[in-house]
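In what follows, a structure is listed as structure tokens, so that the remarks can point back to it.
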Amino acid sequence: MIKLLFEGFFMVLPTGGFCSNISHPVSAEIPVQAIASPISACLRRVGNEVFTEAASPIKEKGEGRIVSIKEVVRQILENIQQKRQQGKPVIIFIAGPSASGKSALTSSLQQEGLIFQSVKTDHFLKSFSELSMLPQNQGLPVSAWPIVHGHEDSFNRDTADNLLQAISTGCSFNYSVPAEYREGVMVGGYLRGERDINGPSRLIKVPVCDTYLIEGICTPHLMQGREENHIFVQLDCDFNETVKRRAGRGHDGAIPAEERKKEDFGQYQAFQNAIDRLDQIVKPDIHLDSSGMSEGNFYQKDVAVSLPLKRVSNLVIPPQKSALF
């Protein structure tokens with residue numbers, strides 16, 4: 001029997017298997033990268049320190065299966081049950097590029113009978129006219145703008161943050177959005193439509209609820225850390241497929257197709273950049289890809305969860321000649 005001393009406690013490993021020849025103390029000369037363990041523990045060297053982490057079988061990123069939207073809804077409902085805490089609302093974040101399946105998933109949750117308050121982060125997006133006035137965008141065609149929808153500076157951050165603070169602490173929240181849409185606005189050399197920020201507004205009321213669903217292109221910027229009552233659903237979709245899906249929506253028909261595709265790609269890339277940064281601090285609970293899927297289906301990616309490392313002291317490991325290395 002082998003004892004590994006962790007911070008304040010022992011882990012007992014049975015002899016036999018990979019542990020049977022442990023006899024040499026750890027030193028900087030022994031290139032320990034990882035030791036596969038049949039008892040769901042592994043060791044890893046970080047600099048001159050040795051740590052342990054969970055090593056239960058985890059598939060490589062990208063492996064997964066095809067699931068129906070009903071199965072995804074079932075998983076979300078299961079997550080809600082697991083993460084429900086007294087006195088705290090469950091907040092579901094659904095993040096995905098335009099035309100990736102966010103609205104379809106939200107509708108399916110409603111059809112399943114889940115009672116929740118929906119918050120569309122598109123309400124917080126700045127208009128094209130507002131974006132065109134930003135110093136970084138001035139004088140450039142929309143397809144060349146460094147700040148487009150999906151960028152961290154493309155929405156009203158204060159309103160979004162205030163809403164999150166309110167609902168997280170059991171309070172209601174009200175905010176205003178333009179009530180009218182206007183066509184024929186010249187921005188970036190083309191006529192386009194946008195919400196009329198100079199016209200009348202309407203009040204959006206977000207009452208107190210025990211479950212909220214937040215979705216939209218700027219959702220990644222609202223998740224700065226993982227809370228125990230948060231559920232993060234990430235939707236991926238190939239850019240060319242999002243273009244095909246958006247083509248039927250008839251938006252901004254006066255813009256040439258190739259130019260509109262460039263604009264869409266700028267927005268798509270801004271969202272992907274935000275997701276890539278978020279991925280470094282928060283992993284999704286449910287990771288889906290709608291690329292190439294028929295309506296009502298997703299490809300579900302397995303999520304590899306990194307657990308905290310624990311420092312190991314007084315550890316002995318096999319000599320370098322072992323086949324394990």
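Starting from 1, each residue takes its place in the sequence as its number.
- Residue L203 places its CG atom among more than 12 non-hydrogen atoms of other residues, nucleotides or ligands, all under 6.0 Å distant.
- A side-chain donor-acceptor contact under 3.5 Å links D236 and H287.
- Side-chain atoms of N297 and S294 include a donor-acceptor pair closer than 3.5 Å.
- Heavy-atom neighbours of I66 CD1 from other residues, nucleotides or ligands within 6.0 Å: at or below the threshold of 12.
- In the model, E152 has no side-chain atom that pairs as donor or acceptor with a side-chain atom of H221 under 3.5 Å.
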* To do: Report the C-alpha distance between K83 and D285 in whole Å, list the side-chain angles of each, state the deciding distance to 0.1 Å, and finish with yes or no for salt bridge (Lys or Arg N to Asp or Glu O under 4.0 Å).
  => CA-CA 11 Å; K83 299 198 175 192; D285 296 286; 2.9 Å; yes
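- The one candidate from L288, I286, L235 that meets the side chain to side chain contact (heavy atoms under 4.5 Å, CB included) condition with I94 is L235.
- The existence of a salt bridge linking R195 and E180 is excluded, since no basic side-chain nitrogen approaches an acidic carboxylate oxygen closer than 4.0 Å.
- Between K262 and E258 no salt bridge is recorded (no basic side-chain N to carboxylate O distance below 4.0 Å).
- Between H149 and the choices F155, F124, F128, the ring-ring contact (aromatic ring centres under 6.0 Å, His included) rule is met once, by F128.
- A donor and an acceptor atom, one from each side chain of D161 and Q165, are nowhere located under 3.5 Å apart.
- For the residue pair E194/S129, the side-chain donor-acceptor check at 3.5 Å is satisfied.
- Between the side chains of E259 and S143, at least one donor N or O lies within less than 3.5 Å of an accepting N or O.
- Between H230 and F93, the angle of the ring planes goes over 60°, which puts this pair in the perpendicular group of the 30/60° scheme.
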* Asked: Hey, mind stepping through I92 and I76 against side chain to side chain contact (heavy atoms under 4.5 Å, CB included) and telling me if it holds?
  -> CA-CA 9 Å; I92 307 166; I76 293 175; 4.0 Å; yes
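- In the model, S127 has a side-chain atom that pairs as donor or acceptor with a side-chain atom of E130 under 3.5 Å.
- Between the side chains of R202 and S176, no donor N or O sits under 3.5 Å from an acceptor N or O.
- Listed here is the closest heavy atom pair of F271 and P220: CE1-CG, 3.5 Å.
- Put simply, the side chain of W145 never gets that close to the backbone of L131: no donor and acceptor are under 3.5 Å apart.
- Surrounding CE of M186 are more than 12 heavy atoms belonging to other residues, nucleotides or ligands, all under 6.0 Å away.
- With 3.5 Å as the limit, one finds a donor-acceptor pair spanning the side chains of Q75 and E71.
- Under a 4.0 Å N-O distance rule, the pair K283/D279 qualifies as a salt bridge.
- Counting heavy atoms of neighbouring residues, nucleotides and ligands inside a 6.0 Å radius, atom CD of E295 does not exceed 12 of them.
- Counting only N and O atoms by type, the side chains of T211 and R84 include a donor and acceptor under 3.5 Å apart.
- Less than 6.0 angstrom separates the ring centroid of F265 from the ring centroid of F239.
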